[in-house]
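Just so it is clear, the structure is predicted and the values come from calculations on it, not from any experiment. Start at 1 and go down the list; that is how both ligands and their atoms are numbered. The analysis underlying the following values was restricted to heavy atoms, covering all of them including side chains, and did not include hydrogens, waters or symmetry mates.
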Amino acid sequence: MDKPIGVIDSGVGGLTVVSELIRQLPKEEIIYIGDTARCPYGPRPEKEVRAFTWEMINYLLTHEIKMLVIACNTATAVVLEEAKEKLSIPVVGVIHPGALAALKATKNDQIGVIGTEGTINSGAYHRELTNINDNVTVQSLACPDFVPLVEKGIFFGDVACKTVTEGLKPILATEIDSLILGCTHYPLLAPLIQEIAGEKVEIICSGDETAREVSALLYHKDLLYTGDRLPNQLFYATGSDSMFEQIAKQWLLLDEVTVEKIHLT
Ligand code: DGL
């Protein structure tokens, strides 16, 4: 079907999901909204996250999207179920795919999850994991200092190393053998997290898994685009469009990115 996939995030983090979508589904058109003016969502009350997320969804619905991807863990935790109920198009979040991948990866049934305060306090990963397999032990930890690092483009070096080492200490003291990066910003820190966690811990990036779920759903619902036109990816940001453009080019390895600044209400 020749309609775009809508992708929303609180900011630039959802681009880690877009990069996997482009890699796995290169013919599909994507319309993305990053609510960069109001990022981060992690520390915000649930009511605010819900209101902001619905503003993004309603904006995208005016573009006749064929599927909605909530590429933000915090927004997925709050809005996924009601979006599935209210919308007539398929809706995919990032929590279920990440949970499934961790359940597949773990050998000792000890799974770690790191995310924003909002995601961790919601208990959404814990619920999802134990609903599928109640033998697993889930260790959850909020790492609020990681998002600012990524937003500043600090993925390596002394500051990043110190912040990530300190942040992960409590969860690495447990017996986990797989660690879900339950925040769309964290995959940018994945090489560092892997180095600090060591080889015994498998790192799970929900972006890869989410793109796989999108792909499977498009196929099963007969919504895949099978024509020959070149996809036109469109990005909206509520904050600075030039900053978003710079990050999108860098993360998506694209020469040209069309970014438009919008105001959501
Ligand atoms: N995109 C958010 C998430 O995946 C992280 C950034 C934020 O706090 O808004 O939870």
Visitor: With a cutoff of 4.0 Å, is Gly115 in contact with ligand 1, counting heavy atoms of the residue only?
Guide: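 No, Gly115 has no heavy atoms under 4.0 Å from ligand 1.
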Visitor: Would you call the rings of Trp251 and His185 parallel, tilted or perpendicular, where under 30° means parallel and over 60° means perpendicular?
Guide: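 Ring orientation, 0 to 90° scale: perpendicular.
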Visitor: Which of the atoms in ligand 1, numbered in the order shown and given with their element, are less than 4.0 Å from a heavy-atom of Cys39?
Guide: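 The atoms of ligand 1 under 4.0 Å from a heavy atom of Cys39 are 9 (O).
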Visitor: Considering only protein heavy atoms, which is closest to atom 10 (O) of ligand 1, and at what distance to one decimal place?
Guide: Thr74 OG1, 2.6 Å
Visitor: If you measure from each non-hydrogen atom of Cys72 to ligand 1, which part falls under 4.0 Å: side chain, backbone, both or neither?
Guide: both
Visitor: Counting only heavy atoms closer than 4.0 Å, does ligand 1 sit against the backbone of Thr116, its side chain, both, or neither?
Guide: side chain
Visitor: Report the part of Val94 (side chain from C-beta onward, or backbone N, CA, C, O) that has a heavy atom under 4.0 Å from ligand 1; answer both or neither where that applies.
Guide: neither
Visitor: Within a distance under 4.0 Å of any heavy atom of Tyr41, pick out the atoms of ligand 1 and give their elements.
Guide: 7 (C), 8 (O), 9 (O)
Visitor: I want to check something: taking the side chain as every heavy atom from C-beta on, are Pro90 and Lys221 in contact at a cut-off of under 4.5 Å?
Guide: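 In short, these two side chains touch, coming nearer than 4.5 Å.
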Visitor: Looking at ligand 1, does any of its N/O atoms fall within less than 3.5 Å of an N/O of Gly42?
Guide: yes
Visitor: In Å, rounded to the nearest 0.5 Å, how long is the span from CD1 of Ile89 to NZ of Lys66?
Guide: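 Ile89 CD1 to Lys66 NZ: 11.0 Å, rounded to 0.5 Å.
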Visitor: Partners of Arg23 by side-chain hydrogen bond (donor to acceptor under 3.5 Å, both in side chains), sequence neighbours excluded?
Guide: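 Glu20.
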Visitor: I would like to know whether Thr116 and Thr119 meet side chain to side chain donor-acceptor pair (under 3.5 Å); could you show each step before the answer?
Guide: CA-CA 5 Å; Thr116 65; Thr119 301; 3.2 Å; yes
Visitor: Before you tell me yes or no, could you show the steps for Asp35 and Thr238 under side chain to side chain donor-acceptor pair (under 3.5 Å), namely the whole-Å CA-CA distance, both residues' side-chain angles and the distance that decides it to 0.1 Å?
Guide: CA-CA 5 Å; Asp35 194 4; Thr238 57; 2.8 Å; yes
